[in-house]
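Below is one structure; the comments refer to it alone.
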Amino acid sequence: MTIRVAIAGARGRMGQEAVHTIMKNPDMELVSVLDYKNIWKTLEDTNLFPPSYGAPIFTDLGELHEKTKPDVLVDLTSPESVYEHTKKALELRIRPVVGTTGFTDEELEELKAFAEKAEIGCIIAPNFAVGAVLMMKFAEQAAKYLPDVEIIEMHHDQKLDAPSGTALKTANLISSVRPSHIQGHPKEKETIQGARGADYEGMRIHSVRLPGLVAHQQVLLGGEGQLLTIRHDSFNRGSFMSGVVLSVKTVMNLKELVYGLEHIID
């Protein structure tokens with residue numbers, strides 16, 4: 001069966017890569033695109049894609065669903081719109097595959113309950129790169145033995161949310177095996193606010209935003225006389241596409257929300 005796919009955020013850099021990936025995949029068909037601008041009729045009209053990329057563009061998800069009937073919505077938009085897109089897709093019984101981060105814990109719980117009740121698959125992946133997922137899993141294992149942890153995530157300067165979803169997911173995984181505790185000197189004082197980064201149950205998360213970066217993260221685990229560094233680098237957005245393809249195929253057989261690619265890789 002060919003999987004009918006719609007993409008939200010097709011004009012972004014991740015979105016463009018996803019469009020090419022879906023178009024080249026023999027098991028998938030790109031049937032439509034969701035955009036917030038109402039100035040193009042098809043992807044071809046944007047001048048970002050070849051003439052053969054004729055998928056129609058819609059600004060309303062309900063109309064997109066009615067006219068093109070996608071099985072899956074791949075959302076690569078922004079933190080401001082992703083929650084509403086995901087919720088609406090579930091209501092329309094379109095399976096969301098979400099690479100955009102910025103969900104609150106409350107939003108994730110609400111979407112999880114909705115998907116489970118409706119028995120509709122949904123995958124939310126803070127990072128689609130398989131190497132990044134392995135980095136998170138290795139850090140979780142290492143934190144059992146080296147529980148003093150700091151996370152440094154580095155992204156391009158157009159990223160809207162900080163810390164990144166990958167950093168938050170990493171901290172969440174580590175917190176499941178690491179007792180919450182304050183790190184550093186008990187009388188430590190920031191002479192400039194924010195110098196020590198964000199505080200996640202005593203762990204510190206530092207966000208770097210610079211042009212030239214794509215997506216990079218290192219987890220530093222310190223112990224007496226030693227330092228373990230676990231690092232992953234995505235040098236281009238092609239690194240995320242194997243995870244997108246895997247998620248699109250996997251979500252067709254799910255009846256619940258899955259948060260994190262680590263739950264679906266073998």
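Just so it is clear, the values below take in all heavy atoms, side chains as well, and ignore hydrogens, waters and symmetry mates. The shown structure was predicted, so the numbers you read here are calculated from the model rather than taken from an experiment.
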Heavy-atom pair of closest approach, residues Pro147 and Gln183
O-OE1, 3.5 Å
List the atom of Gly121, the atom of Pro96, and the distance in Å for their closest heavy-atom pair.
O-CD, 3.4 Å
Could you tell me whether the side chain of Phe240 reaches within less than 4.5 Å of the side chain of Met14, counting heavy atoms only?
yes
Sequence neighbours excluded, the answer for side chain to side chain contact (heavy atoms under 4.5 Å, CB included) partners of Thr42 is Glu44, Asp45
Give me each pair satisfying side chain to side chain donor-acceptor pair (under 3.5 Å) with a member in residues 184-193, each pair once, sequence neighbours excluded.
Glu188-Arg196
Look at the side-chain heavy atoms of Ile, Leu, Val, Met, Phe, Trp and Tyr, link any pair under 4.5 Å apart, and say whether Leu48 and Trp40 land in one connected group.
yes
Taking all heavy atoms of Cys122 and all of Thr86, pick out the closest pair and write down the distance.
SG-CG2, 4.1 Å
Could you check whether any side-chain heavy atom of Met135 comes within less than 4.5 Å of a side-chain heavy atom of Gln217, counting everything from C-beta outward?
yes
By salt bridge (charged side-chain N to carboxylate O under 4.0 Å, His left out), which residues pair with Glu140, not counting sequence neighbours?
none
Can you pull out every side chain to side chain donor-acceptor pair (under 3.5 Å) where at least one residue sits in residues 115-134? Sequence neighbours excluded, please.
Asn127-Thr166
Shortest non-hydrogen separation from Leu92 to Gly62 and the atoms involved:
CD1-CA, 4.0 Å
For Thr68 and Ser32, which heavy atoms make the closest approach, and how far apart are they?
OG1-OG, 2.9 Å
Looking at Met203 and Ala171, what are the two nearest heavy atoms and their distance?
CE-O, 3.4 Å
Summary of salt bridge (charged side-chain N to carboxylate O under 4.0 Å, His left out) pairs that have at least one residue in residues 198-223, sequence neighbours excluded:
Glu153-Arg209, Asp199-Arg204
Sorted by chain and number, sequence neighbours left out, salt bridge (charged side-chain N to carboxylate O under 4.0 Å, His left out) with Glu106 holds for none
Residues in salt bridge (charged side-chain N to carboxylate O under 4.0 Å, His left out) contact with Lys67, at least two apart in sequence or another chain:
Glu63
Only distances under 3.5 Å count here; give the side-chain donor-acceptor pairs of residues 17-24 to other protein atoms, sequence neighbours excluded, each with its distance to 0.1 Å.
unit_1	atom_1	unit_2	atom_2	d
His20	ND1	Tyr53	OH	3.1
Thr21	OG1	Glu17	O	2.9

Side chains of Gln16 and Arg237: does their closest heavy-atom pair fall under 4.5 Å?
no
Donor-acceptor list for residues 218-231 side chains, cut-off 3.5 Å, not counting sequence neighbours:
unit_1	atom_1	unit_2	atom_2	d
Arg231	NE	Asp233	OD1	3.0
Arg231	NE	Asp233	OD2	3.0
Arg231	NH2	Asp233	OD1	2.9

Residues forming a salt bridge (charged side-chain N to carboxylate O under 4.0 Å, His left out) with Arg11, sequence neighbours excluded
Asp35
Using atom types as modelled, flag every donor-acceptor pair under 3.5 Å from a side chain in residues 248-265 to any protein atom, sequence neighbours excluded.
unit_1	atom_1	unit_2	atom_2	d
Lys249	NZ	Asp27	OD2	3.4
Thr250	OG1	Leu246	O	2.7
Glu262	OE2	Lys169	NZ	3.1
His263	NE2	Tyr259	O	3.4

Would you mind writing out the side-chain donor-acceptor pairs for residues 73-82 within the sub-3.5 Å range, not counting sequence neighbours?
unit_1	atom_1	unit_2	atom_2	d
Asp75	OD1	Thr77	N	3.1
Asp75	OD1	Thr77	OG1	2.5
Asp75	OD1	Thr100	OG1	3.2
Asp75	OD2	His85	ND1	2.7
Thr77	OG1	Ser81	OG	3.4
Ser78	OG	Glu80	OE1	3.1
Ser78	OG	Ser81	OG	3.3

Side chains of His65 and Ile94 in contact at under 4.5 Å (non-hydrogen atoms)
yes
Once you round to the nearest 0.5 Å, how far does CG of Asn172 lie from CE of Met136?
10.5 Å
